[in-house]
Amino acid sequence: MITETPTTTNDGLHVAIIMDGNGRWANKRNLPRSAGHHAGIRSLRDTVEAAVQRPIHTLTLYAFSSDNWQRPQSEVRTLMRILAAQLPAQAANCVRQNIRLSVIGRRDRLPEPVIQALIRAEARTMHGTSLHLRFALDYSARDSLSRAAQHVGNNGNGDFLHALMRAYNADCPVPDVDLLIRTGGEQRLSDFLLWECAYAELYFTPDYWPDFNGMKLDDALDVFEKRQRRFGTIPV
């Protein structure tokens, strides 16, 4: 069910992060790629804890793209096991910090343990108001846009934004992204929140995700504060 307004305050930013570089972080240390994913959990916790203390009302994290299904099955199984195991722990952390946790993306292809874990995490944290933490799982912006357009076209009318929310299973509207951060040195959006990032400021860092933390988040926010956002207008 889609509610009309977010439960979190709008007095802050919507920050989105493409958490990239776990595997390369591990390879650089001659470790299995799974070690990079486990190390990334520590960065996740540190970054979320920092975000609560910063002027951020929504934090959307790209955890697993629809294209990631093409990775080796052993790595995909490891990622899914980590997700199923970490969602309850993350939910407990969210409850302690008054954070709302929700998941966007397709759910029909996720393993049942992951689906059940995310349903319980969403229910447990639904009243959090200090931050709206969103994980994008099996998410594709292009697929969501296509299905939303098809829905509106088939019905002859309707609100496209609500159709888009339904397409990726969002339970409430959130403002557009203000700042998009990508770790790992790559400089592309990789099919992440293409509609919502229309006017986002982009920040790319060579740091791999396991090396990202609250201080690195502050670095990105400092750069953001120095940007002049015109939204197509001429500054006065």
Side-chain angles (χ1 to χ4, degrees), residues 15-54 56 59-90 93-94 101 103-105 109-111 113-114 117-118 133-141 177 179-194 197 200-224 226-227:
V15 175
I17 305 180
I18 300 175
M19 305 181 293
D20 194 18
N22 289 347
R24 283 173 287 157
W25 181 91
N27 291 339
K28 189 176 180 180
R29 291 161 175 77
N30 296 314
L31 297 171
R33 290 177 62 85
S34 60
H37 297 312
H38 284 288
I41 297 299
R42 294 193 295 271
S43 295
L44 169 64
R45 291 172 181 162
D46 191 274
T47 301
V48 170
E49 289 178 3
V52 174
Q53 306 300 323
R54 308 305 189 266
I56 298 171
L59 180 64
T60 303
L61 304 176
Y62 208 5
F64 190 85
S65 76
S66 295
D67 288 331
N68 286 155
W69 292 114
Q70 302 176 57
R71 293 189 176 190
Q73 285 303 301
S74 59
E75 182 174 358
V76 171
R77 285 194 294 270
T78 297
L79 283 168
M80 292 298 145
R81 284 197 296 269
I82 291 173
L83 283 169
Q86 288 297 321
L87 276 168
Q90 189 60 53
N93 289 333
C94 288
L101 184 155
V103 176
I104 62 173
R109 298 186 294 192
L110 296 173
V114 174
L118 72 86
L133 173 63
R134 306 196 307 167
F135 289 99
L137 299 179
D138 195 2
Y139 176 86
S140 163
V177 175
L179 172 64
L180 174 78
I181 300 169
R182 179 167 187 153
T183 63
E186 305 294 348
Q187 298 186 18
R188 54 179 177 267
L189 296 181
S190 295
D191 198 20
F192 183 47
L193 299 176
L194 299 181
C197 283
E201 295 295 322
L202 309 181
Y203 179 87
F204 303 108
T205 173
D207 295 307
Y208 297 134
W209 176 246
D211 294 323
F212 198 82
N213 53 34
M215 293 179 62
K216 302 290 187 179
L217 177 63
D218 284 340
D219 291 341
L221 292 172
D222 287 343
V223 171
F224 174 82
K226 294 179 175 65
R227 302 272 179 92

Item to check | salt bridge (Lys or Arg N to Asp or Glu O under 4.0 Å): pairs with one or both residues in residues 59-78, sequence neighbours excluded | outcome: Arg33-Glu75, Arg71-Glu75

Next on the checklist: Before you tell me yes or no, could you show the steps for Leu110 and Leu118 under side-chain contact (heavy atoms from CB on, under 4.5 Å), namely the whole-Å CA-CA distance, both residues' side-chain angles and the distance that decides it to 0.1 Å?
Outcome noted: CA-CA 10 Å; Leu110 296 173; Leu118 72 86; 3.9 Å; yes

Checklist entry - Do Ile104 and Thr60 come within less than 4.5 Å of each other through their side chains, counting heavy atoms only? => result yes

Checklist entry - salt bridge (Lys or Arg N to Asp or Glu O under 4.0 Å): which pairs involve residues 35-45, sequence neighbours left out? => result none

Checklist entry - Is Lys216 salt-bridged to Asp211, cutoff N-O under 4.0 Å? => result no

Checklist entry - Could you go step by step and tell me if Trp69 and Asp138 meet the side-chain contact (heavy atoms from CB on, under 4.5 Å) rule? => result CA-CA 8 Å; Trp69 292 114; Asp138 195 2; 2.9 Å; yes

Checklist entry - Does the side-chain contact (heavy atoms from CB on, under 4.5 Å) test come out yes or no for Tyr62 and Leu193, once each step is laid out? => result CA-CA 9 Å; Tyr62 208 5; Leu193 299 176; over 6 Å; no

Checklist entry - Would you call Val48 and Leu44 a side-chain contact if the rule is heavy atoms closer than 4.5 Å? => result yes

Next on the checklist: Checking Gln90 now: which residues fulfil side-chain hydrogen bond (donor to acceptor under 3.5 Å, both in side chains) with it, not counting sequence neighbours?
Outcome noted: none

Checklist outcome for this item: In Asn22, Asp20, Asn27, the residue satisfying side-chain hydrogen bond (donor to acceptor under 3.5 Å, both in side chains) with Arg24 is Asp20

Item to check | Residue pair Pro210 / Tyr208, side-chain heavy-atom distance below 4.5 Å | outcome: yes

Checklist entry - Is there side-chain contact between Ile181 and Phe224, with heavy atoms separated by less than 4.5 Å? => result no

Item to check | Heavy-atom side-chain proximity of Leu59 to Ile17 below 4.5 angstrom | outcome: yes

Next on the checklist: Would Arg182 and Leu189 count as a side-chain contact (heavy atoms from CB on, under 4.5 Å) here? Give the steps.
Outcome noted: CA-CA 8 Å; Arg182 179 167 187 153; Leu189 296 181; over 6 Å; no

Item to check | Met80 side, atom CE; Asn68 side, atom CG - distance, nearest 0.5 Å | outcome: 8.0 Å

